[in-house]
Amino acid sequence: MNEERENLHVAIIGAGMGGLACALALAKYGIERIDVYETASNLGFVGAGIQLAPNMGRILERLGCWETITKEATEVKVASIRQHKDNEELGRVDFAYVRKKYGTPHMVDHRSSLAGGMYDACKEEKAISFHFNSSCTVKTWEPKPRITVAPRDGAPYDVYADVVLAADGIKSSVRSQILKELNVDAEVIDSGQSAYRIMLTREQMGSDPEMLELLEADQVTRWIGERRHIIAYPISDKNIYNISSAQPDVHFASAPSATYTTRGSKSDMLDSFKDFCPLVQRMLNLVPDGEVCEWKLRIHSPLPTWVRGSVALVGDACHPTLPHLAQGAAQAIEDAGVLAVVLSMLPDRNSDSINKALRVYELVRKERAETLVDLAAASCKTLHLGEGAAKEERDKQFAALKVKEGPSPDKYLDAEVQKMIMGIDVMRVAHDEFRKTFAMKID
């Protein structure tokens with residue numbers, strides 16, 4: 001460790017995917033004092049399935065927790081695109097090549113395995129301290145940022161740190177503070193979509209041979225129809241079948257902007273997918289009444305900057321995305337990997353050096369993350385085409401994928417997009433960019 005950078009103190013606001021990944025990555029890369037502040041009283045991990053792409057896996061392998069996280073994961077060997085109304089396969093893409101080409105397989109599992117695996121790894125690091133029931137406000141940005149921590153059951157107090165990382169999600173208060181100071185308006189963008197997230201157990205599906213075939217397959221399946229689709233895959237040692245949807249939003253349209261989830265109606269859900277094939281209908285009918293949850297899908301317009309002084313935004317605080325490229329968590333973990341590289345390479349604790357390092361983080365991550373946000377939105381529009389010439393051309397492209405490689409209308413399956421996502425080692429890029437910026441010899 002560089003002696004002039006010893007005792008670097010990093011405060012992280014938020015203990016979601018981005019906050020946990022940042023804490024773990026920084027500790028593994030030699031940062032000795034990391035405080036994580038979280039508004040919740042504990043990290044009771046909930047949610048549904050998540051895709052674990054190689055660009056995420058490469059980083060988590062370096063952090064020593066990938067094997068634990070993927071213990072019950074399913075390695076995806078194939079992706080199948082199907083017509084919504086008759087279950088006919090439109091396109092099929094081999095995923096088995098991913099492990100060989102990119103060094104890490106593409107896997108799927110429960111979100112709790114990812115978050116819980118990172119949290120457990122964090123708890124093994126002496127450098128990391130968690131502070132629950134604590135909200136934060138940034139008071140000064142530089143030279144040594146000050147945050148006010150407000151415990152739920154105690155008096156507020158101030159904390160000075162060398163670096164503050166705001167991983168406080170799509171509703172980020174720190175992002176709002178930065179934009180207000182810059183006199184910039186970057187509003188939340190309504191996608192016009194919402195999503196149901198469903199998990200069916202092996203017991204629920206066990207009496208239906210078609211369902212069991214899906215549960216046993218190393219396969220991601222997407223049924224696509226006009227203005228809506230469903231994507232599904234097996235998780236948790238193939239004991240749970242994870243189903244996520246995207247459909248026109250009707251329940252959040254008049255809700256306050258801060259509303260992101262609601263208790264859903266089973267009858268409304270069934271009505272939304274009433275023209276989907278009998279197999280999908282049977283799966284949706286297995287969802288117990290009262291256990292339907294609906295999520296609003298929102299993003300926000302690109303920000304002019306992710307950095308102010310010695311404070312940087314991370315994850316959904318700066319690049320929330322639609323789920324159609326399966327890159328939300330992966331991009332937050334890329335943020336963490338890059339931050340670990342640039343902060344561990346600091347020559348000193350001077351605020352100018354810190355700001356310069358955070359600008360390298362922004363340089364490496366901002367354009368890439370925003371490109372993937374745009375691709376996810378564009379891909380969804382293509383998937384949701386109605387009858388007409390454009391849909392016919394799309395389906396021809398899907399059919400061609402069964403016999404040869406080529407462009408895919410579903411960008412999640414496109415070989416060139418996969419190469420851009422999976423084939424770039426952002427931590428290596430950060431290492432080289434840091435050396436350029438700080439006029440060091442590149443090795």
Side-chain angles (χ1 to χ4, degrees), residues 10-25 34-48 50 56 111-112 114-116 118-119 122 130-138 147-150 152 164-180 186-191 193-195 197 252 255-262 293-303 305-308 311-323 326-336 339 361-362 365-366 369-370 372-373 376:
V10 180
I12 299 172
I13 302 173
M17 295 293 188
L20 289 172
C22 282
L24 182 59
I34 304 158
D35 285 294
V36 184
Y37 300 91
E38 168 57 46
T39 57
S41 58
N42 60 69
L43 296 185
F45 300 115
V46 294
I50 192 167
M56 173 198 293
R111 293 183 71 88
S112 64
L114 175 59
M118 289 194 292
Y119 182 48
C122 283
F130 285 93
H131 309 268
F132 294 104
N133 290 314
S134 298
S135 59
C136 299
T137 305
V138 178
I147 60 174
T148 297
V149 180
R152 194 170 301 163
V164 173
L165 302 178
D168 51 341
I170 192 170
K171 302 178 187 179
S172 172
S173 61
V174 179
R175 179 186 69 236
S176 298
Q177 284 186 264
I178 291 175
L179 294 177
K180 185 176 180 180
E187 290 293 323
V188 169
I189 297 172
D190 188 341
S191 71
Q193 300 172 34
S194 61
R197 291 173 182 164
F252 293 91
S257 179
T259 304
Y260 281 74
T261 63
T262 186
C293 287
E294 190 173 6
W295 276 258
K296 178 66 183 174
L297 299 180
R298 289 187 171 118
I299 57 175
H300 60 61
S301 51
L303 307 179
T305 183
W306 293 1
V307 175
R308 184 158 180 80
V311 180
L313 301 173
V314 175
D316 281 353
C318 48
H319 52 78
T321 184
L322 298 177
Q327 276 291 302
Q331 289 305 294
I333 289 168
E334 284 196 1
D335 291 349
L339 284 163
Y361 155 68
E362 182 179 70
R365 293 291 304 126
K366 190 172 186 293
E370 290 171 356
L372 296 185
V373 169

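The analysis underlying the following values was restricted to heavy atoms, covering all of them including side chains, and did not include hydrogens, waters or symmetry mates.
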- Message: Donor-acceptor check, side chain of Arg152 to backbone of Ser135, threshold 3.5 angstrom: yes or no?
- Response: no
- Task: Just do the side-chain contact (heavy atoms from CB on, under 4.5 Å) check on Arg308 and Val174 with the steps written out, would you?
- Result: CA-CA 10 Å; Arg308 184 158 180 80; Val174 179; over 6 Å; no
- Task: Drop me the distance from Gln193's CD to Trp295's CH2, to the nearest 0.5 angstrom.
- Result: 16.0 Å
- Item | Minimum-distance pair of heavy atoms, taken over all atoms of Ile12 and Gly19 | CG2-CA, 3.8 Å
- Note on the structure: Heavy-atom closest pair (Ile13 atom, Cys136 atom, distance to 0.1 Å) is CD1-CB, 3.8 Å
- Tell me whether the guanidinium CZ or amine NZ of Arg365 lies under 6.0 angstrom from the six-membered ring centre of Trp306 and within 45° of its axis. no
- Task: Mind checking the NZ-OG spacing from Lys296 to Ser191? Nearest 0.5 Å is all I need.
- Result: 5.0 Å
- Message: Just to verify, what does Ala332 make a side-chain contact (heavy atoms from CB on, under 4.5 Å) with, not counting sequence neighbours?
- Response: none
- For Glu38 and Ala15, which heavy atoms make the closest approach, and how far apart are they? OE1-N, 2.8 Å
- All heavy atoms of Tyr37 vs all of Ala11, minimum pair found to be CE1-CB, 4.1 Å
- With sequence neighbours excluded, what pairs up with Ser134 under the side chain to side chain donor-acceptor pair (under 3.5 Å) test? none
- Item | Worked verdict on Leu114 versus Ile333 for side-chain contact (heavy atoms from CB on, under 4.5 Å) | CA-CA 11 Å; Leu114 175 59; Ile333 289 168; 4.2 Å; yes
- Residue pair Thr321 / Leu372, side-chain heavy-atom distance below 4.5 Å: no
- Task: Would you indicate whether the side-chain heavy atoms of Leu20 and Phe130 approach each other to under 4.5 Å?
- Result: yes
- Do Pro320 and His300 have side chains that get closer than 4.5 Å, going by heavy atoms? yes
- Among all residues two or more places apart in sequence or in another chain, which pass the side chain to side chain donor-acceptor pair (under 3.5 Å) test with Ser176? none
Run the side-chain donor-acceptor check on residues 311-319: report pairs under 3.5 Å with partners two or more places apart or on a different chain.
{"from": "His319", "atom 1": "NE2", "to": "Asp335", "atom 2": "OD1", "distance (Å)": "3.4"}
{"from": "His319", "atom 1": "NE2", "to": "Asp335", "atom 2": "OD2", "distance (Å)": "2.6"}

- Taking atom CG of Leu322 and atom CZ of Arg298, what is their separation to the nearest 0.5 Å? 12.0 Å
- Partners meeting side chain to side chain donor-acceptor pair (under 3.5 Å) with Gln327 (sequence neighbours left out): Asn55, Gln331
- Can any side-chain N or O of Asp168 pair as donor or acceptor with the backbone N or O of Ser173 at less than 3.5 Å? yes
- Query: How far does CD1 of Ile34 sit from SG of Cys22, to the nearest 0.5 angstrom?
  - Reply: 9.5 Å
- Task: Could you pull out all residues at least two apart from Glu370 that satisfy side chain to side chain donor-acceptor pair (under 3.5 Å)?
- Result: Lys366
